Student: 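Mind having a look at this structure? Questions to follow.
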Amino acid sequence: MAIRTLGIRQLAPTFAAEISRLNLALPLAPRDLTAVVEALDRYGVAVFPGQNLTMQQQIAFSELLGPLENSDEGSPTYQEFRREHEFADGRVSEVSNLVRGGDLLELADMRRLYQFANELWHSDSTFRPVRARYTILSAVKVPASGGDTEFADVVGAYDALPADIKEDIESLVGVHSPTAVMETLGALQADGGGFQSTYGLQRRPLVETHPGSGRRFLSVPSHCSHIEGMSLPEGRSLLFYLREHATQPRFRYRHAWTPGDLVVWDDRSTLHRACRYKERNEPRQLVRTVVQDR
Ligand code: OGA
Ligand code: MN
């Protein structure tokens with residue numbers, strides 16, 4: 001199997017791997033690409049230390065994994081922000097507390113909302129018509145302490161559910177909303193930022209089979225607002241239970257960033273969240289590309 005050539009070191013009890021033997025700045029041989037996809041199917045999170053890719057190199061590598069999301073779509077405010085920083089290319093966005101890579105964001109800058117939203121367990125773009133398959137982050141600037149990214153293995157978590165609960169949730173459908181997380185944060189109110197979105201609701205099964213591994217996974221991100229056919233409280237209490245189950249420490253991997261790290265994660269088989277740091281004092285800047293799923 002090609003995956004053996006990667007120099008894999010597993011990082012957490014049930015998932016996540018470091019891959020040391022590839023230089024992603026060079027064009028990948030087809031067998032290496034196959035191996036990377038196999039590793040993502042098996043481990044959900046792939047950490048590539050010391051890559052230091054340019055934006056163009058990150059785009060080129062990301063596009064090998066599939067078509068890229070345009071992060072502006074559906075978000076007029078984000079389009080405005082893009083004009084302000086140097087990323088003219090819609091296939092790239094930034095996770096950052098900086099304006100134009102320099103000064104820290106103003107206290108009232110709406111971009112701070114996206115940082116707070118990232119601190120809730122989620123999977124990227126499940127509230128969009130096309131969700132994310134993979135997210136790729138490269139670290140440019142990292143704070144001296146904090147600002148890690150934490151992942152949870154929703155495949156291992158599904159396996160560990162009691163049989164009767166697996167049965168109960170087998171054919172349920174979650175309803176994902178672009179405002180669910182912002183509502184939790186109070187950001188829909190004028191004094192909370194007045195967040196708006198042009199997207200409607202998306203229906204997604206609570207349990208799916210991963211096409212690469214054939215294993216079942218739980219889809220319970222914080223953007224999942226409720227469960228179809230259930231009252232809000234009944235659906236939400238079930239979602240809280242499942243999310244709490246899936247994010248227990250035994251299913252987690254926490255990545256402490258070093259500049260130059262590139263991390264790819266599978267948004268189907270994992271949940272993730274940003275960890276707190278001194279965002280009013282210390283710069284944190286990561287370059288982000290997203291491969292679309294369906
Ligand atoms: C993301 C995200 C987490 C982080 O880019 O989708 O959730 O730690 N990032 O910045
Ligand atoms: Mn995210």
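Since this is a predicted model, take the numbers as computed values, not measurements. Atoms within a ligand are numbered from 1 in the order they appear, just like the ligands themselves.
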Student: Of all the atoms in ligand 1, which lie at a distance below 4.0 Å from a heavy atom belonging to His122?
Tutor: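 The atoms of ligand 1 under 4.0 Å from a heavy atom of His122 are 7 (O).
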Student: May I ask you to check if ligand 1 and Thr149 share an N or O to N or O distance below 3.5 Å?
Tutor: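 It does: an N or O of Thr149 is found under 3.5 Å from an N or O of ligand 1.
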Student: For the salt bridge (charged side-chain N to carboxylate O under 4.0 Å, His left out) test, which of Arg254, Arg276, Arg273, Arg284 pairs with Asp148?
Tutor: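 Exactly one pass, corresponding to Arg254.
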Student: Rounding to 10°, state the angle centred on the Mn ion (ligand 2) that links NE2 in His272 with OD1 in Asp124.
Tutor: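 The NE2/OD1 angle about the Mn ion (ligand 2) sits at 100°.
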Student: Hey, are the side chains of Leu40 and Val264 touching, using non-hydrogen atoms and a 4.5 Å cut-off?
Tutor: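 A side-chain contact exists here, since the closest heavy-atom pair is under 4.5 Å.
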Student: Is it true that Asp32 and Arg21 make a salt bridge, defined as a side-chain N closer than 4.0 Å to a carboxylate O?
Tutor: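 No, this pair does not count.
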Student: Quick one: look up the protein heavy atom nearest atom 1 (C) of ligand 1 and list residue, atom name and how far away it is.
Tutor: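 Looking only at protein heavy atoms, the one closest to atom 1 (C) of ligand 1 is Arg288 NE, 3.3 Å.
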Student: Can you tell me if Gln115 has a non-hydrogen atom under 4.0 Å from ligand 1?
Tutor: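 Outside the 4.0 Å threshold, so no.
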Student: For atom 3 (C) of ligand 1, find the nearest protein heavy atom and state the residue, atom name and distance (0.1 Å precision).
Tutor: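 Scanning the protein heavy atoms, the shortest distance from atom 3 (C) of ligand 1 goes to Ala274 CB, 3.7 Å.
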Student: Under 4.0 Å from a heavy atom of His272: give me the atoms of ligand 1 that qualify, with their elements.
Tutor: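 Here the atoms of ligand 1 in question are 1 (C), 2 (C), 6 (O), 7 (O).
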Student: Is the closest basic N to carboxylate O distance between Arg4 and Glu38 below 4.0 Å?
Tutor: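 Between Glu38 and Arg4 there is no salt bridge, as every charged N stays at least 4.0 Å from the carboxylate O atoms.
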Student: Using non-hydrogen atoms of the residue, decide whether Glu150 is closer than 4.0 angstrom to ligand 1.
Tutor: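 Distance cut 4.0 Å: Glu150 fails for ligand 1.
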Student: Going by an N to O cut-off under 4.0 Å, is there a salt bridge joining Arg215 and Asp159?
Tutor: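 Counted as a salt bridge, because a side-chain N and a carboxylate O are separated by less than 4.0 Å.
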Student: Quick test: of every protein heavy atom, which one is nearest to atom 10 (O) of ligand 1, and how far off is it to 0.1 Å?
Tutor: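 That would be Arg284 NH1, 2.9 Å.
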Student: Under 4.0 Å between a side-chain nitrogen and a carboxylate oxygen: does that hold for Glu279 and Arg112?
Tutor: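 Yes, this pair counts.
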Student: Polar contacts were defined as any N/O atom of the residue lying under 3.5 Å from an N/O atom of the ligand; does this apply to Arg273 and ligand 1?
Tutor: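 No, there is no polar N/O contact under 3.5 Å.
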Student: Do the side chains of Lys141 and Glu282 get close enough for a salt bridge, i.e. N-O under 4.0 angstrom?
Tutor: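 A salt bridge is absent here (no side-chain N lies under 4.0 Å from a carboxylate O).
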Student: Would you say the side-chain atoms of Asn97 and Tyr277 include a donor-acceptor pair closer than 3.5 Å?
Tutor: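 Short answer, yes.
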Student: Looking only at distances, can you tell me whether any N or O atom of Trp257, backbone or side chain, sits closer than 3.5 Å to an N or O atom of ligand 1?
Tutor: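 No - when backbone and side-chain N and O of Trp257 are compared with those of ligand 1, no distance drops under 3.5 Å.
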Student: Are Arg203 and Glu228 within salt-bridge range, i.e. N to O under 4.0 Å?
Tutor: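 The answer is yes: the pair qualifies as a salt bridge.
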Student: With the threshold set at 4.0 Å, does a side-chain nitrogen-carboxylate oxygen contact exist between Arg131 and Asp124?
Tutor: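 Looking at Asp124 together with Arg131, the answer is no, because their closest N to O distance does not fall below 4.0 Å.
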Student: Report the nearest protein non-hydrogen atom to atom 9 (N) of ligand 1: residue, atom name, distance rounded to 0.1 Å.
Tutor: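 Its nearest protein heavy-atom neighbour is Asn118 ND2, 3.8 Å.
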Student: Closer than 4.0 Å to some heavy atom of Asp124 - which atoms of ligand 1 meet that?
Tutor: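 Numbered from 1, ligand 1 contributes 6 (O).
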Student: N/O of Thr135 under 3.5 Å from N/O of ligand 1, yes or no?
Tutor: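 Not met; the criterion fails.
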Student: Under 4.0 Å from a heavy atom of Val95: which atoms of ligand 1 are those, numbered in the order shown and with their elements?
Tutor: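 Under 4.0 Å from Val95, ligand 1 has these atoms: 5 (O), 10 (O).
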